[in-house]
Protein chains: 2
Amino acid sequence: MGVTEKRAKHKEAFRREILDSAREIFINDGYDGFSMRKLAEKIDYSPTTIYLYFRNKDDLLFAICEEFFAHFLAELNRIRSVSPDPVETLHQAFFYFINFGLKNPDQYKLIFFTKSVYGTREELFEKESMARNTYFVFKEIVQDCISAGKLREIEVDVIVDTLTVVSHGVVAKNIYCANFLKERSDRVAHTLIDVLWRGLQK
Amino acid sequence: MGVTEKRAKHKEAFRREILDSAREIFINDGYDGFSMRKLAEKIDYSPTTIYLYFRNKDDLLFAICEEFFAHFLAELNRIRSVSPDPVETLHQAFFYFINFGLKNPDQYKLIFFTKSVYGTREELFEKESMARNTYFVFKEIVQDCISAGKLREIEVDVIVDTLTVVSHGVVAKNIYCANFLKERSDRVAHTLIDVLWRGLQK
DNA sequence: ATTTGATATTAACAGTGTTAAGCTAACAGA
DNA sequence: TCTGTTAGCTTAACACTGTTAATATCAAAT
C-alpha cells in the first residue's frame, strides 16, 4: 500500500471519528447545543481542524442525516423483502418510522425538525441522496397498496404526505410537549394507526 | 392621576412596545434569529434595558405565547357559542388550529416547536396559564362529542392527543419539508380530517 | 539538503445571552 | 433650597458562538 493510499485511509478514518463524535454531541445536546469548539475538544484537535474535513456545521449535520437515511432505506428494503403482503408491508414500514421517533426522539428531532437539511421538495428530488431514495421506496410501498386495491382512491403523493404528517405529529408532540404522551405515546400511536387505517381503507 | 400611577402606566406602555417589537422579530427571524441586541436596536434602547422589563429571552417568549393562547381560547369559545352541534364545533375547532398553522407557520413554529415553553404535562396543569385554559376548553369540546355518542369509545385524553398530534404533524411537515406541501397542504389537511373522521366515528 | 504540500494551529472578527457596576435625572423630605 | 433616595438607563465586561486568514509544523519528494 502506497503512502498516499495510507494517508487517504487515515484521512478517511479521521473523518469517521469526527463524524461519530459529532453525532453524539448533536443528539445529546441538540443542534444549538452542538458547537465546533465542543467537538474539537472531544476529538482533541483545534476547532479549525474540523474545517479541513467538513465545510461547516451544517455539512456535518448533512453527513449525519445521510447515514441515518441510509439506515432507514435498508430497513424499508428489509421489511419489503420479508413481508410479501403490501398492506402488511406498509403497516410495518409506517410503524417503523413512528417507533423510531418515539424510541429516539432526539435523533428524529435532529433529522426532521432541526433544519430543512435537504431544502425544498424540488431540491430534494433534483440531486441524488439517501433521503431521496428513502422517500421513493416508501412511496412505492404505498403505491403497491393502491395497485392491490386496498386503499381508497386518493392520489399516492397525498397519502404519502398524510402518513409522514402523522408520523411527524406523533413524534413532535412527544418531543415538544414534554412528557405529554409519556406512558401513553404507544397507545396514541396505535390508536392513530388504527383510526387512520379505518379511514383509509376501501 | 398621581405621579407613581403615571409612571406605572408609562412603564406598562413601554412593556407593550417591547413585547410587540419582540414578537415581530421572533416571528420573522425565529427563536435563534432573535437577539436582545436586535430588539434593543429596534426599540432604540440599550440591550440591558430590556432586562428591567423581562427576566430574559425566554420570559419574552413566554409572554408572547400567553397572548397567542389567549387568542386561541377566545376563538374556541366563539366557535362554541356560535355552533350548537358538538360535532360541528369540534370540526371547526380542529380545522381552526390546523389552518392557523398552515397560514401562520412561523407563529405556530414559535409557539409549539421552539421550546417546551410550558414544561412537562404536570407543570402545565399545575399553574394557571392561557395555554392550560385552552387545552381544557378543547378537551371539553371533544368530551361533548363523546357524551353525544358521536365518537368511538376511546379515552378522551387519547382522542385529544391524537388530534393535536395530527395538527402538529401537518404544520411540522409544512414547516420543515420546505415547500413540501405547497399547493397541496390544504388538500392534505382536508384528506387527513376526512380520513380521521371516518376512523373516529362510531 | 532543499523544496513542496498536506495538516494543524493561533489569532482574530463579528456575533450571542447575561450580569455588575455606574451614571443621570427626577422625586421626597427637611 | 439642599440632601438623600430611587427609578431608569447605559457602559463595560464575561464567556460563549461560527467562521476565516495567516501562520507554523513536519513528513515526503526531489
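Letters A, B, ... mirror the listed sequences (proteins, then strands); counts begin at 1.
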- request: Inspect the contact between Arg152(A) and Asp194(B) and indicate whether a charged nitrogen and a carboxylate oxygen are less than 4.0 angstrom apart.
  value: yes

message: So Phe54(A), base contact, sugar-phosphate only, or nothing? Heavy-atom distance under 4.0 Å.
response: nothing

message: Expressed as a whole number of angstroms, how long is the span from Glu41(A):CD to dC16(D):C1'?
response: 13 Å

message: Among dT9(C), dT7(C), dC9(D), which nucleotide has an atom closest to any side-chain atom of Thr49(A)?
response: dT9(C)

task: Nearest whole angstrom, please: distance from the C1' of dT11(D) to the OH of Tyr45(B).
output: 17 Å

query: Is Lys38(B) paired with Glu41(B) through a side-chain N to carboxylate O contact shorter than 4.0 Å?
result: no

query: When the distance from CZ of Phe14(B) to P of dA7(D) is rounded to whole Å, what number comes out?
result: 17 Å

- request: Quick one: do Ile50(A) and Leu60(A) satisfy side-chain contact (heavy atoms from CB on, under 4.5 Å)? Show the steps, please.
  value: CA-CA 9 Å; Ile50(A) 302 161; Leu60(A) 272 162; 4.1 Å; yes

query: Whole Å only: how far is the CG atom of Leu52(B) from the C1' atom of dC23(C)?
result: 14 Å

- prompt: What's the CD-C1' distance between Glu12(B) and dG8(D), to the nearest Å?
  reply: 16 Å

task: Could you check Phe68(B), Tyr31(B), Phe69(B) and say which one makes a ring pair (Phe, Tyr, Trp, His ring centres under 6.0 Å) with Phe112(B)?
output: Phe69(B)

message: If you compare every side-chain N and O of Thr48(A) against the phosphate oxygens of dT20(D) (OP1, OP2), does one of them come in below 4.0 Å?
response: no

message: I want to check one thing: is the phosphate of dT7(C), taken as OP1 and OP2, less than 4.0 Å away from some side-chain N or O of Lys11(A)?
response: yes

- request: Quickly work out the Leu61(A) CG to dG18(D) P distance and round it to whole Å.
  value: 13 Å

- line: Taken to the nearest 0.5 Å, the spacing of Ile98(B) CD1 from Phe95(B) CZ works out to 7.0 Å

For atom CD1 of Ile50(B) and atom P of dC9(D), their distance in whole Å: 11 Å

message: I'd like to know if Lys139(B) and Asp157(B) make a salt bridge, using a cut-off of under 4.0 Å between side-chain N and carboxylate O.
response: yes

query: Can you check the Leu39(A) CG to dA8(C) P distance for me, whole Å?
result: 14 Å

Please list each protein N or O that sits under 3.5 Å from an N or O in nucleotides 13-17 of chain C, with the distance.
unit_1  : atom_1 : unit_2   : atom_2 : d
dT16(C) : OP1    : Ser35(B) : OG     : 2.9
dG17(C) : OP1    : Phe34(B) : O      : 3.2
dG17(C) : OP1    : Met36(B) : N      : 3.3
dG17(C) : OP2    : Met36(B) : N      : 2.9
dG17(C) : N7     : Arg37(B) : NH1    : 2.6
dG17(C) : O6     : Arg37(B) : NH2    : 2.9

field: Parallel, tilted or perpendicular, as decided by the 30° and 60° cut-offs, for the rings of Tyr108(B) and Phe100(B)
entry: tilted

